[in-house]
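Heavy atoms only: backbone and side chains are in, while hydrogens, waters and symmetry mates are out. This chain uses plain numbering: 1 for the first residue, then up along the sequence. First listed ligand is number 1; within each ligand, the first listed atom is number 1.
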Amino acid sequence: MEVIIAENQDQASEWAARKIKNKVKSQPNSVLGMATGSTPLSLYKKVIGFFKQESIDHSQIRTFNLDEYVGVRPDHPGSYSYYMQKNWLQPLGLSDSQFHIPNGNTGDILQECEAFEALLKKWGPIDLQILGLGRDGHIGFNEPGSSLGSRTRLKSLTEQTIEDNKSVFSKVDSPPRHVITMGVQTIMEAQEILLLAFGKMKAQAVKDFIEGPITSMVPASILQMHPKVQVFLDAEASSLLQNQDYYREVFANKPDWQMAELTL
Ligand code: GLP
């Protein structure tokens with residue numbers, strides 16, 4: 001796992017955005033795994049900007065989202081489907097056929113989870129998976145206690161996660177308690193993973209998943225077992241890491257040919 005500590009969120013998002021842009025440039029039919037939440041918003045803006053500035057052909061990419069709320073219509077402003085339309089598909093002019101997200105508004109959740117896994121099997125593996133991090137160490141919506149071998153399935157959210165994510169639902173709608181999420185094992189099958197985490201609120205979860213034991217109580221800690229993970233942090237999110245001086249030193253001395261994917 002490579003831990004990259006930037007000055008601030010903007011710098012971290014820029015490095016990660018260049019990495020994604022370079023991936024699509026070298027492999028135009030890349031399959032990207034997408035996250036939602038506030039963390040990747042500036043990342044997506046930057047990727048879209050780079051695609052446009054450099055006329056990168058993105059007509060063949062395909063994207064898979066990690067998760068979706070159950071019982072929320074795709075055109076509801078709180079749904080992740082709506083978030084993706086607004087922040088990714090529309091600005092890029094991608095077609096719906098290039099975009100996959102679990103349908104949480106279905107009468108048959110089990111069938112939906114199986115269909116999503118089948119699509120991943122057909123088009124996957126995911127070349128580059130983008131992840132955010134929950135305050136409790138969740139990835140996707142795999143809450144603490146999730147099986148580290150889990151696949152796409154129905155999950156119940158913790159009170160803390162419901163609270164953290166409720167602002168996108170208006171006061172009249174009660175925030176959803178159930179979601180469909182890729183499983184921990186499904187996420188681990190991506191060829192390469194970029195996780196972004198910013199701010200003081202994430203510092204404990206960051207420390208736990210990078211430097212703590214691998215445990216289902218911190219689902220992101222399984223990433224220690226993945227051969228290709230880069231973690232992009234700002235100074236606040238990295239503040240509790242025991243080895244932060246070492247991570248900074250490694251990054252400062254990264255060979256030019258490795259830096260190129262983040263800076264060109
Ligand atoms: C939700 C999403 C996660 C995301 C997390 C953090 O739980 N399902 O994919 O990483 O929120 O959200 P934020 O980036 O808003 O802090």
Take His76 and Tyr69 through the test ring-ring contact (aromatic ring centres under 6.0 Å, His included) and record every step on the way to the result.
CA-CA 11 Å; His76 186 291; Tyr69 292 110; 9.1 Å; no
Would you name the heavy atoms of Arg153 and Ser146 that are closest together and state the gap between them?
NH2-OG, 3.3 Å
Side-chain cluster (under 4.5 Å, hydrophobic types only) that Leu154 belongs to, other residues
Val70, Ile109, Ile180
Partner of His138 by side chain to side chain donor-acceptor pair (under 3.5 Å), out of Gln160, Lys155, Glu143
Glu143
When the ring centroid of Phe198 is compared with that of Phe232, is the distance short of 6.0 Å?
no
Does Trp123 share a hydrophobic cluster with Ile130, counting links as ILVMFWY side-chain heavy atoms below 4.5 Å and allowing steps through other members?
no
Set of residues that line ligand 1, where lining means a heavy atom lies under 4.0 Å from it:
Gly37, Ser38, Thr39, Asp67, Tyr80, Gly132, Leu133, His138, Gly140, Phe141, Asn165, Lys202
